[in-house]
Undergrad: 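Have a look at this one.
Naming: A, B, ... by sequence-line order, numbering from 1 per chain.
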Number of protein chains: 2
Amino acid sequence: MNILIADDHPFTLQGTKSFVESYGYKVLDTCSNGVSALNLIKLHSPDIAILDINMPGLDGLDVTKKVQESKLKTKIILLTMHKEMTIYKKAKEYGIYGFILKEHAQSELEKCLQEVKKGNRYVSLFLEEDLISDNPNENNALSKLTLSERKIIELITQQKTSKQIAELLFLSEKTVEGHRSNIIEKLGLPKEKNVLLKWAIQNVH
Amino acid sequence: MNILIADDHPFTLQGTKSFVESYGYKVLDTCSNGVSALNLIKLHSPDIAILDINMPGLDGLDVTKKVQESKLKTKIILLTMHKEMTIYKKAKEYGIYGFILKEHAQSELEKCLQEVKKGNRYVSLFLEEDLISDNPNENNALSKLTLSERKIIELITQQKTSKQIAELLFLSEKTVEGHRSNIIEKLGLPKEKNVLLKWAIQNVH
DNA sequence: AAAAAATCAGGGGTTTCCCCTTGTATGATT
DNA sequence: AATCATACAAGGGGAAACCCCTGATTTTTT
């Protein structure tokens, strides 16, 4: 098991390395940007590459894409600070093996490595909470929504209020609010204020 | 030489620890927030404390201030992601011993520790450069805001409500609301609902 | 000493969001 | 023909969040 680690922050890089080694794996090499990471992967084809998403130049996602395109067999684990659904969705398309949030990484990295080693995939548990509603119907949660509902959620991502949406679509504000409720139920979102806006910002586009 | 390290990101914490140990120093303890850091400092009075600036609750700066006020003899080294003049100035007044940018920390931490051990102060070389380039940078709307205000707008971009922000910063909700009003006035934003969130989403980062 | 920043309080007004319910139309299922 | 499911529309009610204002104290900065 050879592992490559890439992260542009020296401290985080060292931390990751340190954790990985403490689990008993061998770290083949490390680097601090996407280009180097790609080169090293091509050169040594490590079993696993742990990549930070936010890197200058080629980011973790770009590298993943190129690794897939080149049909390299290195398995990719991505590390990210924020839970951004858009990125996760893309990452899934590119065939990543692991996806972990840095905040909780400590508790998950070891398990993730175990699973990936076996050939399985592992996604941060903290991410899946938000994905429960997202997963069952393939990659697109929006597909469950009707046309009107989709129009409305589109406008919500533009930070329009129900009132503004109502005006734009020549509807009663109440109608828009009704649609909102339906959307929330369909997606199984928690009962918070502004859930829809928060969800929309992270999931649409 | 006993050293305490505080950082809310597990990876960075581990990385820092790992580096420090590799230089031959002993890490007394670590923690992930300012309150714990302060308690541990009071309890064990380590020789040196390496603190991250961005932490929930008490941040590194707050801890530094309190350490100075309590006339504790622990020497503080601050780690920061962003090079903010305001913070650096304050830090200097609170009598910090070291100030390092995370990006370049690797190359500077060891030297910094050496100097601080001798009783000298050490400031990141990369900071002075950026201080110059930061000065004429008054076009930024954020530069008009005070430190507290910036903290708050940062949390607004993360879609926190005033209540949540108040909890995170240990403030009254009223204080947060007051800051919001001030920010809105300083930026000359229109009188709409949620103006701040909308503005923040589009203008910060 | 004066100005600015930070903290908090009380109270008020408005908006927005969300829930629950009702109603209609349509089209598919039984 | 009757039932069922679904989309769509709209209303009432309530809680939460936001914004505003005045005023006050304390700390920090200048």
Undergrad: Check the distance between C:dC18's C1' and A:Lys186's NZ and give it to me in whole angstrom.
TA: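 That distance rounds to 17 Å.
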Undergrad: At under 4.0 Å between heavy atoms, what does A:Glu192 touch on the DNA or RNA strands: base, sugar-phosphate, or nothing?
TA: sugar-phosphate
Undergrad: Return the 5'-most residue of the pair A:Lys163, A:Ser181 with respect to DNA chain C, ranking by each residue's nearest nucleotide.
TA: A:Lys163
Undergrad: State which of C:dG10, C:dC17, C:dA6 makes the closest approach to the side chain of A:Ser162.
TA: C:dC17
Undergrad: So with a 6.0 Å cut-off around CD of A:Glu69, is the heavy-atom count from everything else above 12?
TA: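 Yes - once you tally the heavy atoms of other residues, nucleotides and ligands closer than 6.0 Å, there are more than 12.
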Undergrad: For B:Lys65, answer base if it contacts any base atom (sugar-phosphate contacts may also be present), sugar-phosphate if it contacts only those atoms, and nothing otherwise; contact means non-hydrogen atoms under 4.0 Å.
TA: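 Touches sugar-phosphate only.
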Undergrad: Check this for me, if you would: do A:Asp7 and A:Lys102 make a salt bridge, where the nitrogen-to-carboxylate-oxygen distance has to be below 4.0 angstrom?
TA: yes
Undergrad: Starting at CG of A:Asn194 and ending at P of C:dC18, how long is that distance when rounded to a whole Å?
TA: 6 Å
Undergrad: Classify B:Leu197 by what it touches in the nucleic acid, base, sugar-phosphate, or nothing, heavy-atom distance under 4.0 Å.
TA: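 B:Leu197: no heavy atom of the nucleic acid under 4.0 Å.
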Undergrad: Establish, from distance only, whether the side-chain atoms of B:Asn39 and B:Ser36 form a donor-acceptor pair under 3.5 Å.
TA: no
Undergrad: For A:Gln14 and B:Ser18, does a side-chain donor sit closer than 3.5 Å to a side-chain acceptor?
TA: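 Judged by distance alone, the side chains do pair up.
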Undergrad: Report yes or no: is there a donor-acceptor pair, N or O only, under 3.5 Å between the side chain of A:Lys193 and the base of C:dT16?
TA: yes
Undergrad: Tell me the interatomic distance from B:Glu149, atom CD, to C:dA5, atom P, rounded to whole angstroms.
TA: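 Roughly 7 Å, once rounded to whole Å.
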Undergrad: Regarding A:Glu149 and A:Arg180, does a basic nitrogen lie under 4.0 Å from an acidic carboxylate oxygen?
TA: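 Salt bridge flag = no for A:Arg180 with A:Glu149.
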Undergrad: From the options C:dA9, C:dC18, C:dA6, select the nucleotide whose nearest atom is closest to the side chain of A:Leu196.
TA: C:dC18
Undergrad: Take the protein atom CG of B:Leu169 and the nucleotide atom P of C:dA6, then report the distance between them rounded to whole Å.
TA: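 Rounded to the whole Å, the gap is 12 Å.
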Undergrad: What is the distance from NZ of B:Lys191 to P of C:dT15, rounded to the nearest Å?
TA: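 Taking atom P of C:dT15 as the reference, NZ of B:Lys191 is at 14 Å.
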Undergrad: On DNA chain D, which is the earliest and which the latest nucleotide, 5' to 3', with an atom closer than 4.0 Å to a heavy atom of chain B?
TA: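 It runs D:dA17 to D:dT29.
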Undergrad: Tell me which of B:Leu189 and B:Tyr94 sits closer to the 5' end of DNA chain D, going by the nucleotide each one is nearest to.
TA: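 Its nearest nucleotide being more 5', the pick is B:Leu189.
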Undergrad: Side chains of B:Ser162 and B:Glu177: any donor to acceptor distance under 3.5 Å?
TA: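 B:Ser162 and B:Glu177 do not have a side-chain donor-acceptor pair below 3.5 Å.
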Undergrad: Would you classify A:Ser148 as touching base, sugar-phosphate or nothing, given that sugar-phosphate means primed atoms plus P, OP1 and OP2, and contacts are heavy atoms under 4.0 Å?
TA: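 The residue A:Ser148 makes sugar-phosphate contact but no base contact.
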Undergrad: Using a heavy-atom cut-off of 4.0 Å across all strands, would you classify B:Gln164 as base, sugar-phosphate, or nothing?
TA: nothing
Undergrad: Would you say B:Gln114 and B:Tyr122 are linked by a side-chain donor-acceptor pair, where the criterion is simply a distance under 3.5 Å?
TA: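 The criterion, which ignores hydrogens and geometry beyond distance, is not satisfied for B:Gln114 and B:Tyr122.
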Undergrad: Where each residue is assigned the nucleotide of DNA chain D containing its nearest heavy atom, which of B:Thr161 and B:Glu93 is assigned the position nearer the 5′ end?
TA: B:Thr161
Undergrad: Could you give the CD-to-C1' distance, from B:Glu177 to C:dG13, as a whole number of Å?
TA: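 Going from B:Glu177 (CD) to C:dG13 (C1'), I get 13 Å.
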